[in-house]
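Structure first, then comments.
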Amino acid sequence: MAEVGKAPKAPRSEPQASGVHPGGLPKPIRVDAEVIENRPEGGANLRLRLRVRGWPGFRPGQFVMLSPGARTSVERSDPLLPRPMAVFRERPHPDGAEVEILYKRVGRGTRLLAETLPGQALRMVGPLGRAFPAPAAGERALLVAGGTGIASVYQLAAGIPGRERVEVLLGARTGADLMGEADFAALGVALRVATEDGSRGERGLVTALLEGSLAGPGVARVYTCGPKPMMERVAQLAAAAGCACVVSLENHMACGFGVCLGCAAPLSAGGYALVCRDGPAFDASAIAWGALP
Amino acid sequence: MAEVGKAPKAPRSEPQASGVHPGGLPKPIRVDAEVIENRPEGGANLRLRLRVRGWPGFRPGQFVMLSPGARTSVERSDPLLPRPMAVFRERPHPDGAEVEILYKRVGRGTRLLAETLPGQALRMVGPLGRAFPAPAAGERALLVAGGTGIASVYQLAAGIPGRERVEVLLGARTGADLMGEADFAALGVALRVATEDGSRGERGLVTALLEGSLAGPGVARVYTCGPKPMMERVAQLAAAAGCACVVSLENHMACGFGVCLGCAAPLSAGGYALVCRDGPAFDASAIAWGALP
Amino acid sequence: MSDPLDTRVDLGGIALRNPVLTASGTFGYGSELAAFLDLRRIGGFVAKSLTLEPRAGNPPPRIAETPSGMLNAISLENVGVDAFIRDKLPALPEGVTVIASVFETEIERYAEVCKRLAGVPRVAGIEVNASCPHVKSGGIEFGQQPEVLAALVRATRRATALPLLVKLSPNVTDIAAMARVCEGEGASGISLINAVQGLEVDVETRRPVLSNGLGGLSGPAIRPIALRMVWQAARAVRIPICGIGGIASAEDAVKFLLCGATAVQVGTANYLNPAVAGEIADGIAAYAERHGYRRVADLRGALELPSRRSP
Amino acid sequence: MSDPLDTRVDLGGIALRNPVLTASGTFGYGSELAAFLDLRRIGGFVAKSLTLEPRAGNPPPRIAETPSGMLNAISLENVGVDAFIRDKLPALPEGVTVIASVFETEIERYAEVCKRLAGVPRVAGIEVNASCPHVKSGGIEFGQQPEVLAALVRATRRATALPLLVKLSPNVTDIAAMARVCEGEGASGISLINAVQGLEVDVETRRPVLSNGLGGLSGPAIRPIALRMVWQAARAVRIPICGIGGIASAEDAVKFLLCGATAVQVGTANYLNPAVAGEIADGIAAYAERHGYRRVADLRGALELPSRRSP
Ligand SMILES: Cc1cc2nc3c(=O)[nH]c(=O)nc-3n(C[C@H](O)[C@H](O)[C@H](O)COP(=O)(O)OP(=O)(O)OC[C@H]3O[C@@H](n4cnc5c(N)ncnc54)[C@H](O)[C@@H]3O)c2cc1C
Ligand SMILES: Cc1cc2nc3c(=O)[nH]c(=O)nc-3n(C[C@H](O)[C@H](O)[C@H](O)COP(=O)(O)OP(=O)(O)OC[C@H]3O[C@@H](n4cnc5c(N)ncnc54)[C@H](O)[C@@H]3O)c2cc1C
Ligand SMILES: Cc1cc2nc3c(=O)[nH]c(=O)nc-3n(C[C@H](O)[C@H](O)[C@H](O)COP(=O)(O)O)c2cc1C
Ligand SMILES: Cc1cc2nc3c(=O)[nH]c(=O)nc-3n(C[C@H](O)[C@H](O)[C@H](O)COP(=O)(O)O)c2cc1C
Ligand code: FES
Ligand code: FES
């Protein structure tokens, strides 16, 4: 498993996004990954396990680009673009590594992903992007995630030393929509859940849970990933409580490695950062939320 | 099984191609057919068995249009066009009918077809085209087929009353390339095989076998389907022997039902016939071979 | 909901049951696909383009598959205007709305075909296909030159009292200018786009795949180009627009309506699914109802433009 | 075989190891993809287009997927010519052939960027991107008006002694005429095509998907259009042509060479497979050997035309 703060494997030359710890990042690969399992997990969520030869490891917050559907002996150009997916977890595998992805079936690409069968292959490029910055010494880590954003923060929670100090707040529309709850529970972190219909955990928005948690003792660093309105509200609450806030953005991407300039996130200081290269994690204060789609 | 000479189910209004018996044709359907089996048969050949609800039956020589690869919950537009495939055989099935196709993996569409798994669905439109004209009373039937054309003439051989009078000559590059030999053998027709490398049957071209057969007693009607040079040579030999010759053409098609005008076959009398509507079977003498691609 | 949805639209004087037509050259003369689709379920159909005399068209290969599209070089193949009136029209059931499409190689011949269609009971309107090579201009399409297009629209407009749609070529620098030419010359509406000129090559034979060399690209691949041109034309003229190009689903069709089309035509998608036009008509109605529209006609031009900057 | 295959080509004075380049805007400044492809394996790369000053580009969303293609509206985002020379060029390993791409909103500014690139050691040539909206013509692209294009080529040709490629816009009626304009003004070669103008709409929000509204269509969908335009341009001029548009495999690339291109650029396909350009270079060589060519350069224009009629 990737450890936060591990020595750099392949330092990158790109400029560092403000406030985000770049760390050393594994050198990305391009590979045909074999599907070991692709299992529905309730609601529209699925768990994908891939066997990846030559996997270089990853850092919490990094993602991969996956072909939209199984590869065939024929290259099909519709749908065309690969889909970004957070690396949920990795495990050793006799032949490379096993990489796990938690994802939701939302559109054409993820529907084709969901129809992929064990034994079929997906083209994978990654790991890409930078790592989440680790919490500073003595800081409490407060992770707030909703929807598909839940997958992006799991490894962060898993990697922080002293998990009992890590608090994780997960939100979803319904209990069935909720991703990965059992995985977080198994980590031994302090876990709370909110669903909009109350079918699981508390009824309401996860941001309501956050208000309580921010009121707790000591300085907290808030990490968030999920729908834009949720992240924006989390950032506001954190700012009001005087806490640092790191957001992991889910912009649309064509390449994932910094050359198409498609994933631009508007910065409050003007100009844009590239989510795939400079993120996906950013200081919440660096983002011009009004101009983010 | 479709019988030659059965009463018309749904008469069609299109003009009749010269010399070809139109007969009554079943009303075509559009349906998602379920793959029961899709089994490699040696070389690049496969045998596809489909469960088809509402299948109206077919006449020898008719074909279906099959989507290039399994349908998914997402419509994929590459490859775009359906592929024409002869109906090899039909069997009763508790739920509609079982339709069998013999096909060869040659390009993008058939490669995707070959990767289709049991339980998946293919869009099917058909049966389309007209039936082979039956041999006249007292005429010997001489079927000469090569490559994928073999699939087109099987049902003709099966449907002619008095199969012992039917002579079938099959050709292929190698024994492994040869389609459906066992099926023809099981019909009890007089069967001879030629392969270019001699790995099965006689060494050489199937047209060499034909020369012998044409020399036999009585009037023969020759039916042929396969690569263009083969069909052209068969037509020449038949003409030289004073025999009628019916060719089943394999033009490229976009629709299969007479509206795109893509499948035009040049006629010796000038102008074009549509292979999907007026054929695929034609009097060999009606075709302007030089202008056929 | 109280009132049922009103699906009717008026395409330049042609009253349509709903905004879905099938495109010229993709639905034959209307009876070929009777087994799959009752044409009375959709707004209408545009017949294969007609010339004065019957024409045989190009030698095969005439079609080639391309990524999310196809090329065709059918050329002028059709039964001729007289056989259409005599044989094809009477074969269609009552209640099918028929638009006759016309193309030719000279302006006078275009006008003559239009005249022969005058007074023919079943013809609700004429679509002039301007994507035809103009013999006198050395093979450049009528619809590629503003002056030639103007002359063509003027002559055909004079030749008939029927609603007159002009079908534009997409192979131009400025589609809005071409749309304005049509409006200026009295066209009742504009259909766009016709196929985009393209080429496919077989690397093994080292020849073009089509016997004709060049062909027309159609299918989903061209949809973004068609949608852009419809949007540009809709902003340039007031006459109604019939959107065409790569439409394969109700969602695709709605995009064209939102961009300013009054109706749409479904082309290549018919080959894949001969019942698709009916499914699209149903899907548009479902979309309109889901979004609280009372009249499908109100979808026209309902696109909201980005506030920051207009596209 | 006796002699090894000669893969070199000369693109208007730019000596290329093999005929495969990566297209502007699809390979960054050359070092982003070092983990996936050694640029010394391919003919060279065309850097992201440069302006005089650094530019920030359009707000997101900037990209949208379409059938076998994508739309982009990145606009002018780039580090500026000075930062390119100072920071980006030195980061590239020796032996990488670099073509700098230039775009601007005024002709004088284009010329000034070209001047700044003069004498910069690592720059083998300049590609002038003429698909940029010309401010003085009210947003019409430089490459859409023959006189404006002529003025642009003249000015940039005067501004630099480097080999000068002009990259044409496909959004024109007559690409051959545009190619002749470039040749007449002394361009060393022509690159085509840039992205085709398109539009995509989200039916749920009823808005264009891109913040900018319109965008440029690229990817396999446009390949038949690109191939047609390369063929038309190749017949119109003698200067070499660099074919671009939807190339995703060696077979695709060979089609462009057969139609008259001296070299090709791979664009959108890099996003799907960042090593694809190297695979294409290898595949072209394999094709040439399989077909008995001694020199890849001999593939240029080797298309056989149908005997019946020219395309
Ligand atoms: C860094 C990053 C990490 C992500 N991690 C996960 C994850 O672990 N699990 C998970 O379920 N989802 C994750 N997502 C979101 C996931 O990429 C989208 O749900 C997916 O791309 C949707 O594709 P589609 O074809 O099903 O949807 P469509 O709407 O059909 O897609 C159309 C286009 O829009 C893009 N798109 C649509 N929604 C999104 C979105 N939310 N984010 C980015 N692109 C989008 C697609 O990639 C495609 O290019 C992540 C996104 C990013 C940027
Ligand atoms: C009436 C008819 C009946 C047929 N019956 C059979 C059969 O029973 N078994 C069988 O194996 N094959 C049959 N074929 C041939 C079969 O349609 C082609 O092999 C198949 O379309 C090739 O598709 P592809 O995508 O693999 O090849 P590609 O070369 O990738 O196809 C590209 C395009 O060309 C078309 N095409 C290529 N080769 C042919 C061809 N020989 N005939 C028609 N279109 C072609 C494809 O349909 C597609 O549109 C028949 C063809 C016709 C017209
Ligand atoms: C095989 C074929 C034949 C066509 N014939 C005609 C025609 O005769 N007249 C015409 O105006 N358009 C013709 N078209 C163009 C279509 O009507 C339509 O404008 C074009 O295909 C774009 O729409 P689509 O992408 O939905 O197919 C033809 C298109 C195809 C594919
Ligand atoms: C995201 C993106 C950005 C692009 N930026 C530029 C650019 O800065 N300058 C340029 O000349 N072309 C640019 N292009 C156009 C490509 O270089 C190429 O001409 C076009 O995409 C067609 O080729 P393709 O289909 O292989 O992508 C860009 C294309 C894309 C997709
Ligand atoms: S996704 Fe291409 S630059 Fe970020
Ligand atoms: S395949 Fe369309 S008319 Fe024959």
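FYI, side chains are in, hydrogens and waters are out, and symmetry mates aren't considered; it's all heavy atoms of this structure. Convention: sequence-line order gives letters A, B, ...; per-chain numbering from 1. The shown structure was predicted, so the numbers you read here are calculated from the model rather than taken from an experiment.
The parts of C:Ile225 that come within reach of chain D are both its backbone and its side chain, each placing non-hydrogen atoms under 4.5 angstrom from that chain. Heavy-atom distances place the side chain of C:Leu258, and not its backbone, under 4.5 Å from chain D. Contacts between C:Tyr287 and chain D at a heavy-atom distance below 4.5 Å involve the side chain alone, from C-beta outward. Neither the backbone nor the side chain of C:Gln145 comes within contact range of chain D, judged by heavy atoms closer than 4.5 Å.
Under the 4.0 Å criterion applied to side-chain N and carboxylate O atoms, C:Arg55 and C:Glu77 are not assigned as salt-bridge partners. The existence of a salt bridge linking D:Arg228 and C:Glu200 is excluded, since no basic side-chain nitrogen approaches an acidic carboxylate oxygen closer than 4.0 Å. Under a 4.0 Å N-O distance rule, the pair C:Glu204/D:Arg290 qualifies as a salt bridge.
Chosen from C:Leu71, C:Leu217, C:Thr205, the residue pairing most often with chain D at heavy-atom distances under 4.5 Å is C:Leu217. Note on D:His291, D:Gln232, D:Glu251, D:Glu141: by heavy-atom pairs under 4.5 Å with chain C, the leading option is D:His291.
With sequence neighbours left out, the ring-ring contact (aromatic ring centres under 6.0 Å, His included) criterion links D:Phe142 to D:Tyr110, D:His134. By the side-chain hydrogen bond (donor to acceptor under 3.5 Å, both in side chains) test, C:Thr51 is found to be paired with C:Asn78, residues two or more places apart in sequence or in another chain being considered.
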